[in-house]
Amino acid sequence: MLLEKIAKENDIKKIKKEDYTALAEEIRQFLIEKISVTGGHLGSNLGAVELTMALHLSLDLPNDKIIWDVGHQAYTHKLLTGRREGFAMLRKYGGMSGFPKRKESECDCFDTGHSSTSISAGLGLVKARDLLGEQRTIISVIGDGSLTGGMAYEALNNAAQLKTNFIIILNDNNMSISENVGGVSKYLNNIRTANGYLDLKEGVYNALQNVPRGERIVKSIRRAKSSVKHLVIPGMFFEDMGVTYLGPVDGHNVEAMMKVIREAKRCKNAVLIHAITEKGKGFAPAERHPARFHGTEPFDVETGLPANPKTAPNYTDVFSTVMTKLGARDEKVAAITAAMPDGTGLKRFRNLYPERFFDVGIAEQHAVTFAAGLAAGGMKPIVAVYSSFLQRAYDQILHDVCIQNLPVVFAVDRAGLVGSDGETHQGIFDLSYLSSIPGMHILAPKNKWELSDMLKFALALERPAAVRYPRGSAYDGLKEFRSPIELGKSEILYEEEDIVLVAAGSMVKTAVAVRKGLKDMGYACSLINARFVKPIDEEMIREMAQSHKLLVTMEENVASGGFGEKVREYMDSLHGTCRMLAVAIPDEYVEHGNVALLYQEVGIDADTVLKRIVTAYASACADTGARTGEGAGR
């Protein structure tokens, strides 16, 4: 087994050239086998095997540096740097991350999890290298999907001024998560299919090799090759920008990639290598369905089908159904996604109402301002986006939507702890960053029926609004509670005394379990579905604070700037005797792992919350007893 010969970085250089193809096949089979058990990003990694091999054969790690854009295609990189054993615990709590992590290996020089960042980071490393007088090669790998992000062009514009070597590899598989869209995709497709140029170049070079002084002529042509490209390839965008363009080259040909990397190293400026790859290469189900195998749950290797088929609808499914109904009822409803029609549940809407569906590519900032423009023009846009990606467009939400009070609805998917993708993907900051913006309205449904009701309410509100909901199966409990939604009003589910739980969104389900535990222990307990995180229901809080000894807020968001902090601020203004306990995620980044386990680790699982409440209630009763001269407790 060739992989067994690779125990650390640079060991791949011990592999014979004639064994490169066999090693690539071993790597693919290893990845398919391991990811079928753990889940993970399969398609992108299968497509980057030879490209990664060529990088490791051409570089001296960890002195030389590779920055992986998004980073989910770095599995082969991890294999080739001695982390083969770590794949047994890939994306599991305490195990190896599915993304590059500096704390995991010296060969991971930059943490990545979101797109369009590698050129900026690489340029910074280049400048640091030169300022410190170091000798090393810096290579940023970026996918064609990530190249739709504006930050990539900001970095390219800056890199074009370089008078020192910086290599950018464009891994072009014509996919982001779903199929690429827009002008960048069209431009790259023109380059991919410019066979006339490639055939002309190869034919001329081969012919000249057989004539006297032909090699000298070839060198002269190479010096003028940008002019040839201008004649045959449309645009020559990168060259016009000041970045040397090399390619396109077969990204699955290790020796061809090594050759072009050697050529790129000689450049005393920024150079872009355009590598053509196939997402999912070597695994038929992933080749046929690259979007489905972008990020996959455990699956059957023989069929490619999920090992644990979904039995209940998740919140994204519910959103998908509601969107099709809203689209049918109102011709002004439009849907926007940033390269994720499948992941956000907009595929059905796209099929039914293609003229009102907009996939803007990986460009969240543009998506939000584009939605603002639609709203200003009289449409009713709904932006479907993951919580961790929406934070990239904070300025646009504030400046372009909320200042103008435009009726844009944000369907914030994957809110809260999402699990295996780790820190960069946990949706635990949206309540904080959204509620800091004047004019924003934030709703969080307790179950699948309330998600439907809230989306309809938010659309009818005709103001900026965000409806945030978690990943996973949609909660179908409490279906007997479905009172009409009123702006800024909560919903009383159970009203007793002593302790009141005020839970937001996904934490209502946990609160039901906590209340049961308290009831079993003999406590009287009220339960409130907050519904709105902004504006909070001040009237309800005041009334509950007057009739209970302990008020507990529960949210799946960091404590800083969250729901509990806002309730506490209002409680302090009341100067009452009711004590408050805020249950939230600590102000820290949460590692990857199973969501249920992460709940326990951050202290928002039912058992941990129950213990904290019992302790807090005893303290509240002791305070009450001290003030009144009476004892209290159970």
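Model, not experiment: these values are computed from the prediction.
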Is the shortest distance from a Lys or Arg side-chain nitrogen in Asp413 or Arg471 to a carboxylate oxygen in the other one below 4.0 Å? no
Taken to the nearest 0.5 Å, the spacing of Arg91 CZ from Ser420 OG works out to 4.5 Å
Please identify each residue that fulfils salt bridge (charged side-chain N to carboxylate O under 4.0 Å, His left out) with Arg28, with sequence neighbours left out. Glu50
Is Arg348 salt-bridged to Asp342, going by a charged N under 4.0 Å from an acidic O? no
Assess whether atom CD of Glu297 is packed by more than 12 heavy atoms of other residues, nucleotides or ligands within 6.0 Å. no
Are Asn269 and Thr244 close enough that a side-chain donor and a side-chain acceptor fall under 3.5 Å? yes
Do His274 and Asp172 meet the criterion of a side-chain donor-acceptor pair at a distance under 3.5 Å? yes
With sequence neighbours excluded, residues passing ring pair (Phe, Tyr, Trp, His ring centres under 6.0 Å) with Tyr93: none
How about Thr337 and Arg350: does a side-chain donor come under 3.5 Å of a side-chain acceptor? no
What I want to check is whether the side chains of Ser432 and Asn557 have a donor and an acceptor closer together than 3.5 Å. yes
About how many Å separate OG of Ser97 and CE of Met89, when rounded to the nearest 0.5 Å? 12.5 Å
Quick one: do Glu423 and Lys101 make a salt bridge, cutoff under 4.0 Å? yes
What pairs with Gln29 under side chain to side chain donor-acceptor pair (under 3.5 Å), at least two apart in sequence or on another chain? Glu25
